[in-house]
Amino acid sequence: DKGGYKHFMAKEIAEQPSVLSNALSAYVTEHGIALPDPGIDFTKIDRLVMVACGTAYYACFTAKYWFERLAKLPVEVDIASEFRYREPPISKGTAALFVSQSGETADTLAALRYCEGKADKIYSVVNVQESSIARESDLALPIHAGAEIGVASTKAFTCQLNVLLLLALKAAVERGTLSQEELEQILSDLRSLPGTLNAAMDRDADFANVSKKLSEARDVLFLGRGLMYPLAHEGALKLKEISYIHAEAYASGELKHGPIALIDKHVPVVVFAPKDSLFEKTVSNMQEVMARGGRVLLVTDSAGAEAAGAEAWRTITMPQVPEILTPLLYALPAQLLAYHTAVAKGTDVDQPRNLAKSVTVE
Ligand code: F6R
């Protein structure tokens, strides 16, 4: 049931505020963050390895920034198909965490089995609780996204981010790198996030508008820095998979090491840049793009739009949220740009060619 929407993907994007608010209440109590038994003791580990495929991998990649910044915990992230055959050494004190919507992705499951008997503990973050990956973990944490029908992952991504952020916060408190007060502030910001996401859905028409232009492009670049770098990857993946437009993501700072050669007026460049601690740097990369005739779509907040919006080809202004929460909000532009571009091109949004919802063969 598409609930009145044209596609499952549109429904699942729009559902995110309510699904997230649900997911939050499953983990956040009056006393802080509560995990199902047997929980996770972050004081017992000195390293975390996170492994997944596709969008779930980009959720892990985002979480690396959170764990390192908030909890000062070293994190390695990898795609499962590489990890499983590389025979990476897993030292004692390493916990392994696998993220999978379906819980059945063959490479992710094989990576998990590789870690059995080597990692201190095996954890997973899944949507399907009765899945192989959940069964074979010491602790499986549900993301509570509800069934996801669209082949392109949307609400599962934000719900994966949600659980991973909560884990990073829990790790930070246990490891003494975040005070109870700071935790409570972030949790209170998180509680207002569903409302903010709802408000951000008002930008839907702006994204639909600019997507008509994107649908004419052959190539699109996505740029971001810090927490927005994994998001740029997620935006590029979404666009490729449902609109079939070639899209690549780069860390803004990497631009001048090669990809800037691609820039001309035919290549739209999507820049995710809330006015965070790295904003000025991203803006200077944006100016380098524009100096070479590139058309920049800047997705930012009102402070960012004021500082740099006038220079861009198009600017879409998102609500303002604390820096640590920006990935959860900027998932929306990543999804809406892909969705509307695909609709403008007339592709099969919910069932893109060559793709399956669950990849149970390697
Ligand atoms: C992209 C997408 C895929 C999956 C990937 C992993 O929109 O849906 O990249 O994220 O195949 O699937 P799970 O999470 O089921 O392991």
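We count ligands from 1, going down the list as the structure has it; atoms in each ligand are counted the same way.
If you check which protein heavy atom lies closest to atom 15 (O) of ligand 1, you get Ser102 OG, 2.7 Å. For atom 14 (O) of ligand 1, the closest heavy atom belonging to the protein is Gln101 N, 2.6 Å.
In terms of polar-atom proximity, defined here as any N/O pair under 3.5 Å, Val151 does make such a contact with ligand 1. Annotation: Thr108 places no N or O atom under 3.5 Å from an N or O atom of ligand 1; distance criterion only.
Neither the backbone nor the side chain of Lys357 has a heavy atom within less than 4.0 Å of ligand 1. Heavy atoms of Glu241 found under 4.0 angstrom from ligand 1 belong exclusively to the side chain.
Residue contacts with ligand 1 include Cys53, since one of its heavy atoms falls under 4.0 Å from the ligand.
Of all atoms in ligand 1, numbered sequentially from 1 with element shown, those under 4.0 Å from a heavy atom of Thr55 are 1 (C), 2 (C), 7 (O), 9 (O), 10 (O). Annotation for ligand 1: atoms under 4.0 Å from non-hydrogen atoms of Ser100 are 13 (P), 14 (O), 15 (O), 16 (O). Shown in contact with Ala152 at under 4.0 Å from a heavy atom are these atoms of ligand 1, numbered in order with element: 7 (O).
Of the candidates Val125, Ile143, Val126, Val359, the one placing a heavy atom closest to atom 11 (O) of ligand 1 is Val359.
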Checklist entry - Passes salt bridge (Lys or Arg N to Asp or Glu O under 4.0 Å), Lys275 versus Glu280? Steps please. => result CA-CA 8 Å; Lys275 197 155 187 313; Glu280 308 301 335; 3.8 Å; yes
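No salt bridge links Arg295 with Glu216; every basic N to acidic carboxylate O contact stays at or beyond 4.0 Å.
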